[in-house]
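Note: hydrogens, waters and symmetry copies are ignored here, and every other heavy atom, side chains too, is used. Just so you know, these numbers come straight off a predicted model, no measurement behind them.
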Amino acid sequence: MPDPAASVSTVMDRPAPVEDCAEASLGRAAMPQRAPLTMPVQDLRTRPATHRDGGGGPLLARLFVFGGAAALTAYGGWQMYEVISVSGGTTWLQYVLLVLFVLNFSWIALAFTAALLGFAALLRREPPAPLPTGLATRTAIVMPVYNEGSARVFAGLQAMYEAVEATGLGRHFDWFVLSDSTQADAWIAEERAFLALREELGPEARLYYRHREKNHHRKAGNIADFVTGWGEAYDHMLVLDADSLLTGACIVRLAAAMEADPQAGIIQSLPLIINRNTLFARLQQFAARIYGPVIATGLSVWSGRDGNYWGHNAIIRMRAFAEAAGLPDLKGRPPFGGHILSHDFVEAALIRRAGWGVTMLPRLEGSYEESPPSLIDLAVRDRRWAQGNLQHARIIGAAGLAPASRQHFATGIAGYVASPLWLAQLVIGIVIVLQTAWVRPEYFSAEFGLYPVWPRFDPVRALQLFALTMGILLAPKVLGLILALLDAETRRASGGAGRLILSFLIEILLSALIAPIAMLIQSGSVFQILAGRDTGWNPQRRDDGSIPVSDIVRRHRWHTGLGLVTGVAAFAIATSLFLWMSPTILGLVLAIPLSWASGQLALGLALKGRGLLVTPEEQAPPAIAQRAGELARRNAARGFDDADALAALHADAALAQAHAAMLPEGRPRPRGHIDADHTLARAKIVEAESLTEARTWLTPKERFALLHDRAGLDQLSRLKPA
């Protein structure tokens with residue numbers, strides 16, 4: 001039987017395939033020399049001892065946004081009170097309805113006033129700043145990945161690398177792929193793609209790769225591990241997502257903006273959605289392009305230097321991040337305890353607490369991302385975001401936070417609490433109508449009266465209030481449409497005024513039908529979290545494609561059933577109630593076909609072919625997106641993502657040696673501590689006589705453990721192919 005303790009260097013005994021480039025890269029380290037940077041864990045109970053003057057927020061803008069929202073809410077609440085008190089007496093159920101209405105109305109009123117502010121700011125055209133001709137600092141561009149497709153990840157990375165090099169300032173940037181992948185096939189595919197790209201870019205390429213054995217604290221832990229290990233060597237880091245795509249000019253301008261503002265801690269760009277073709281993704285893409293700038297600009301104006309961070313497509317001052325953004329674990333168990341899921345909001349708040357500025361550049365062009373391809377894919381991601389945002393209820397009261405940071409937390413929490421509040425408002429409204437129709441009035445109440453108290457409504461005021469609510473709700477979208485129509489270039493690139501308006505109406509209609517489904521999904525997520533159910537962290541599905549009908553039916557059958565029951569009940573109670581609830585009822589009844597249609601490429605492409613839901617970035621695709629697409633197709637043809645990890649290592653000795661060289665040095669195992677997956681993997685690989693047996697016997701976790709074991713990898717190389 002082969003000796004499992006043999007040196008891994010024996011893997012080099014077989015020649016490597018010509019198409020793999022691992023052998024040429026063996027002499028170069030996968031990561032640069034370590035440059036540790038201290039990153040202390042922050043105490044949320046006490047404010048930091050040192051505090052810088054990072055500047056404040058614009059008072060007049062905040063008075064307009066929050067004062068205007070408060071005034072609108074007060075007016076809406078008064079009108080609602082007039083609606084329910086027409087009978088001269090108000091029941092406790094009507095008071096509950098009033099409270100729920102005010103809470104929901106305040107949410108949309110704040111979005112309305114912020115959008116007005118953004119609209120006014122965007123009416124003032126500003127020419128883009130000239131491209132910097134020089135930089136004085138070094139920036140690490142970091143892309144955390146987690147079980148992603150290597151073809152697309154490294155295509156985007158290469159396109160951005162080439163674009164930055166084309167500016168003549170590429171020497172100021174180093175590029176890092178920080179892998180937290182837990183699937184063996186994904187890990188080896190990343191390494192193969194990394195080695196191939198490094199070989200293609202040449203010996204001077206500043207491209208690096210690091211894989212963590214344990215994805216402790218997920219993305220936040222991944223970034224923190226990089227900062228504490230290599231952060232001292234860099235002035236800034238530009239954080240990307242796996243689907244991020246930034247032009248070279250955008251990257252250079254972000255670095256120049258950070259240099260120009262020595263008190264800035266974070267500068268966030270506004271990513272636009274591109275490359276989406278399913279029906280649902282095209283709706284999101286169109287909405288983000290036409291309405292997004294209005295909302296983001298309003299947020300930027302009133303936030304000032306008390307802004308927020310969205311976790312990607314932003315540049316961060318390394319010293320500020322290390323000094324202030326070390327995240328503590330929250331006491332207790334998930335979902336409200338443990339490590340912080342939505343870390344980006346918290347990192348921004350802590351950096352601002354330390355006195356660094358957190359700003360946004362919503363006018364900066366060239367920042368892109370992608371979006372989930374279907375309603376169910378969005379729901380999967382949204383479940384994790386819901387838990388992370390509700391977890392902020394444990395952080396919003398932290399000592400020393402700026403009021404605007406607390407508002408960002410409150411906005412994130414309200415974004416998910418709004419769904420169960422809306423659901424409760426609908427239920428209370430139905431109960432009141434039911435009471436009016438079927439329940440006999442209380443003639444002998446505690447308070448003397450000549451007439452019974454009927455829970456009645458003022459229909460005229462109710463209609464006026466409904467119109468006001470819908471106007472405020474839709475106003476940010478209308479303002480975005482107006483700006484698009486006023487901009488000749490945007491108008492033409494969106495298919496012309498007629499198609500742009502028709503696209504707007506399609507988006508409004510489909511969003512209205514999807515809204516009650518999303519409301520129930522989010523409400524279910526909130527109830528699960530309140531019940532103590534933790535979420536996982538599954539990799540996001542980024543490719544276009546539909547979901548099996550059986551999965552759609554299973555996911556939405558309760559939504560459809562609830563819509564049918566509600567519709568029948570509403571019609572039985574009163575025709576007026578049925579008509580009032582018809583948009584909600586229709587959306588729920590159509591939940592299954594709507595969800596199916598949301599992921600269909602054919603439907604999205606059919607609208608695109610007719611010039612509908614089209615964005616300017618589709619009519620004139622950014623050069624970097626075209627380059628990334630070409631590279632992704634080329635990378636996909638190499639088949640790295642389709643290959644079995646063990647088979648790839650067994651067939652390519654140079655790859656196996658490069659993989660072993662990239663592994664961290666082994667740490668001594670405490671006596672009595674046995675890693676079951678590692679132990680079983682070692683036992684199975686020793687007993688196996690062929691690669692086929694090893695691949696059959698090893699579980700996914702054991703395969704992953706084997707890839708960390710140099711001796712086990714050597715044993716793998718000695719197996720017969722079949």
Side-chain angles (χ1 to χ4, degrees), residues 29-44 46 48-50 52 137-146 172-182 187 190 194 206-242 255 258 264-267 309 311-312 314-330 338-356 358 395 398 537 661-668 708:
M31 288 291 284
Q33 184 176 357
R34 291 180 67 87
L37 185 61
T38 302
M39 188 173 178
V41 174
Q42 299 299 302
D43 187 350
L44 300 181
T46 58
T50 58
R52 294 168 180 79
T137 53
R138 295 187 69 203
T139 299
I141 300 180
V142 298
M143 177 180 281
V145 296
Y146 177 68
H172 295 277
F173 300 90
D174 288 359
W175 302 75
F176 294 85
V177 177
L178 307 178
S179 174
D180 259 3
S181 295
T182 56
W187 179 10
E190 291 165 4
F194 160 68
R206 296 166 302 281
L207 176 65
Y208 304 99
Y209 174 88
R210 188 270 286 131
H211 177 268
R212 286 202 304 167
E213 181 177 359
K214 302 289 185 183
N215 63 332
H216 180 66
H217 286 182
R218 296 167 178 169
K219 182 179 177 180
N222 197 357
I223 296 293
D225 177 83
F226 172 77
V227 172
T228 56
W230 293 270
E232 180 64 35
Y234 300 96
D235 301 284
H236 320 129
M237 64 175 173
L238 177 58
V239 181
L240 306 175
D241 258 358
M258 189 63 85
I266 300 177
I267 299 178
Y309 168 47
H312 58 93
I315 193 167
I316 303 174
R317 191 174 302 278
M318 191 71 78
R319 184 160 64 95
F321 192 84
E323 169 193 299
L327 299 182
D329 283 346
L330 301 178
H339 76 274
I340 296 171
L341 250 65
S342 293
H343 55 91
D344 40 13
F345 279 37
V346 183
E347 289 160 349
L350 294 178
I351 286 175
R352 188 67 190 102
R353 183 176 75 161
W356 299 96
V358 179
I395 304 169
W537 193 283
M662 284 189 274
L663 292 175
E665 291 301 319
R667 289 169 291 186
H708 291 90

Next on the checklist: Rounded to the nearest 0.5 Å, what separates atom CG in Leu238 from atom CZ in Phe176?
Outcome noted: 12.5 Å

Checklist entry - Does His211 reach the main-chain N or O of Ser181 with its side chain, forming a donor-acceptor pair under 3.5 Å? => result yes

Checklist entry - Would you say the side chain of His217 lies within less than 4.5 Å of the side chain of Asp329, judging by non-hydrogen atoms? => result yes

Next on the checklist: Quick test of your reading of the model: are Asp235 and Arg138 salt-bridged, counting only N-O distances below 4.0 Å?
Outcome noted: no

Item to check | CD1 on Ile316 to CD1 on Ile266, rounded to 0.5 Å | outcome: 4.5 Å

Checklist entry - Looking at Ile351 and Ala320, what are the two nearest heavy atoms and their distance? => result CG1-O, 4.0 Å

Item to check | Straight-line distance of Phe321 CZ to Leu350 CG, nearest 0.5 Å | outcome: 9.5 Å

Next on the checklist: Please determine whether salt bridge (charged side-chain N to carboxylate O under 4.0 Å, His left out) holds for the pair Lys219 and Asp241, giving the CA-CA distance in whole Å, both sets of side-chain angles, and the decisive distance to 0.1 Å.
Outcome noted: CA-CA 10 Å; Lys219 182 179 177 180; Asp241 258 358; 2.7 Å; yes

Checklist outcome for this item: Heavy-atom closest pair (Arg34 atom, Thr228 atom, distance to 0.1 Å) is NH2-O, 4.5 Å

Item to check | Shortest non-hydrogen contact between Pro144 and Asn222, atoms and distance | outcome: CB-ND2, 3.7 Å

Checklist entry - Hey, is the main chain of Arg218 close enough, under 3.5 Å, to the side chain of Arg212 for a donor-acceptor pair? => result yes

Checklist entry - How long is the span from the OG1 atom in Thr38 to the CD atom in Glu323, to the nearest 0.5 Å? => result 11.5 Å

Next on the checklist: Does any part of the side chain of Ile141, heavy atoms only, come nearer than 4.5 Å to the side chain of Met237, both counted from C-beta?
Outcome noted: no

Checklist entry - Can you check whether Phe173 reaches Arg206 side chain to side chain, under 4.5 Å on heavy atoms? => result no

Checklist entry - Are any side-chain N or O atoms of Gln42 and backbone N or O atoms of Pro40, one a donor and one an acceptor, separated by less than 3.5 Å? => result yes

Checklist outcome for this item: Output for pair (Ser342 OG, Glu347 CD), nearest 0.5 Å, gives 10.5 Å

Next on the checklist: Using side-chain heavy atoms (C-beta onward) and a distance below 4.5 Å, is Trp230 in contact with Gln33?
Outcome noted: no

Next on the checklist: Does Thr137 form a side chain to side chain contact (heavy atoms under 4.5 Å, CB included) with His172? I'd like the steps, not just the answer.
Outcome noted: CA-CA 7 Å; Thr137 53; His172 295 277; 5.9 Å; no

Item to check | Centroid-centroid under 6.0 Å between Tyr208 and Phe226 rings | outcome: no

Checklist entry - Taking C-beta and beyond as the side chain, do Trp356 and Arg319 meet within less than 4.5 Å on heavy atoms? => result yes

Checklist entry - Is there a side-chain contact between His236 and Arg317 (heavy atoms, below 4.5 Å)? => result yes

Next on the checklist: Please find the pair of heavy atoms, one from Ile315 and one from Ala255, that lie closest to each other, and give the distance.
Outcome noted: CD1-CA, 3.6 Å

Checklist outcome for this item: Interatomic distance, CD1@Ile267 vs OH@Tyr309, rounded to 0.5 Å, equals 13.0 Å

Next on the checklist: So which atom in Pro48 and which in Arg353 form the shortest heavy-atom distance, rounded to 0.1 Å?
Outcome noted: CD-NE, 3.4 Å

Checklist entry - How close do Ala220 and Leu327 get, heavy atom to heavy atom, and via which atoms? => result CB-CD1, 4.1 Å

Item to check | Short side-chain to backbone donor-acceptor contact, His312 and Val239, under 3.5 Å | outcome: no

Checklist entry - side chain to side chain contact (heavy atoms under 4.5 Å, CB included) between Val145 and Met143: does it pass, once the steps are laid out? => result CA-CA 6 Å; Val145 296; Met143 177 180 281; 4.0 Å; yes

Checklist entry - Salt bridge check: are Asp225 and Arg210 linked by an N-O gap of less than 4.0 Å? => result yes

Checklist entry - Hey, does Ile340 have a side-chain heavy atom less than 4.5 Å from the side chain of Ile395? => result yes

Next on the checklist: Any non-hydrogen side-chain atom of Tyr209 less than 4.5 Å from a side-chain atom of Leu178?
Outcome noted: no

Checklist entry - Could you go step by step and tell me if Leu207 and Phe194 meet the side chain to side chain contact (heavy atoms under 4.5 Å, CB included) rule? => result CA-CA 8 Å; Leu207 176 65; Phe194 160 68; 3.9 Å; yes

